[in-house]
Visitor: 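I'd like to ask you about the structure that follows.
Treat the numbers as computed from the prediction; the structure is a model and nothing was measured.
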Amino acid sequence: MKKKISGYLNLVATINAIILTIIFLFFNPYKQEEINLELVILLTCLVILPSIVSLLFSLMNKKLVAIIAAIITLPLCLYFGFAKIPSVFNLFLLTPILYLLGTKFRFFSEKI
């Protein structure tokens, strides 16, 4: 049961990160200029790619890689979460929290 909860939490965190990054890049109501290709590449490497890696490795029961991916996304998610309050981008704060909770559930399901 806890493995299913862990998988759902990691899935929700990954979907959250991907959707919010797409909204930030392409449908951001606060930007007034065109999208910079460097920004797209940077956010893809720092948010989307670690999110997908974390999901895949958490499903393959590799806790360490999932924790490392959560740590990689933590600074940028904290920045986006606190940069504009209140905003839809405050939901970025959920991403690393859900990753760490999912990893915690996975860890405790193996101990019992």
Visitor: For C77 versus T95, what's the shortest heavy-atom pair and its separation?
Guide: SG-CB, 4.0 Å
Visitor: If you compare all heavy atoms of I35 against all heavy atoms of V40, which two are closest, and at what distance to 0.1 Å?
Guide: CG2-CG2, 3.3 Å
Visitor: Y99 and side-chain contact (heavy atoms from CB on, under 4.5 Å): which single residue from L9, L55, V12, T14 fits?
Guide: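 Checked L9, L55, V12, T14 against Y99; only one passes side-chain contact (heavy atoms from CB on, under 4.5 Å): T14.
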Visitor: Where do C45 and L49 come nearest, in terms of heavy atoms and distance?
Guide: O-CB, 4.1 Å
Visitor: Quick one: CG on L76 to CG on L43, what's the gap to the nearest 0.5 Å?
Guide: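 With rounding to 0.5 Å, CG (L76) is 6.0 Å from CG (L43).
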Visitor: For the atom pair CD1 (I72) and CG (L46), what is the distance rounded to the nearest 0.5 Å?
Guide: 8.5 Å
Visitor: When hydrophobic residues are tied together by side-chain contacts of less than 4.5 Å, even through go-betweens, does L74 share a cluster with I68?
Guide: no
Visitor: State plainly whether one hydrophobic cluster holds both I41 and I18, where clusters connect Ile, Leu, Val, Met, Phe, Trp and Tyr through side-chain heavy atoms under 4.5 angstrom apart.
Guide: no
Visitor: Working to the nearest 0.5 angstrom, can you tell me the gap between L42 CG and L37 CG?
Guide: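 Between L42 CG and L37 CG, I get 11.0 Å after rounding to 0.5 Å.
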Visitor: When rounded to the nearest 0.5 angstrom, what distance separates CG in L101 from CD1 in I5?
Guide: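 Result: 10.5 Å between the selected atoms.
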Visitor: F80: which residues meet the ring pair (Phe, Tyr, Trp, His ring centres under 6.0 Å) condition with it, sequence neighbours left out?
Guide: F24, F92
Visitor: Flag yes if F26 and L20 sit in one hydrophobic cluster, no otherwise; membership is Ile, Leu, Val, Met, Phe, Trp, Tyr, and two members link when side-chain heavy atoms are under 4.5 Å apart.
Guide: yes
Visitor: Do L91 and I19 have side chains that get closer than 4.5 Å, going by heavy atoms?
Guide: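 No. Closest side-chain heavy atoms not under 4.5 Å.
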Visitor: Quick one: are F89 and I23 in side-chain contact, heavy atoms under 4.5 Å?
Guide: yes
Visitor: Heavy atoms only: give me the nearest N10-L98 pair and the separation to one decimal.
Guide: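 Where N10 meets L98 most closely, the heavy atoms are OD1-O, 4.1 Å.
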Visitor: Within the 4.5 Å heavy-atom criterion, are L100 and I71 side-chain neighbours or not?
Guide: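 No; the side chains remain at least 4.5 Å from each other.
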Visitor: Minimum heavy-atom separation for T73 and S51, please, with both atom names.
Guide: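 Residues T73 and S51, closest heavy atoms: CG2-OG, 4.3 Å.
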Visitor: Linking I/L/V/M/F/W/Y whenever any side-chain heavy atoms sit under 4.5 Å apart, do V53 and Y8 land together?
Guide: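 Hydrophobic grouping puts V53 apart from Y8.
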Visitor: Specify the closest pair of heavy atoms between A17 and T21, including all atoms of both residues, with the distance to one decimal.
Guide: O-OG1, 2.6 Å
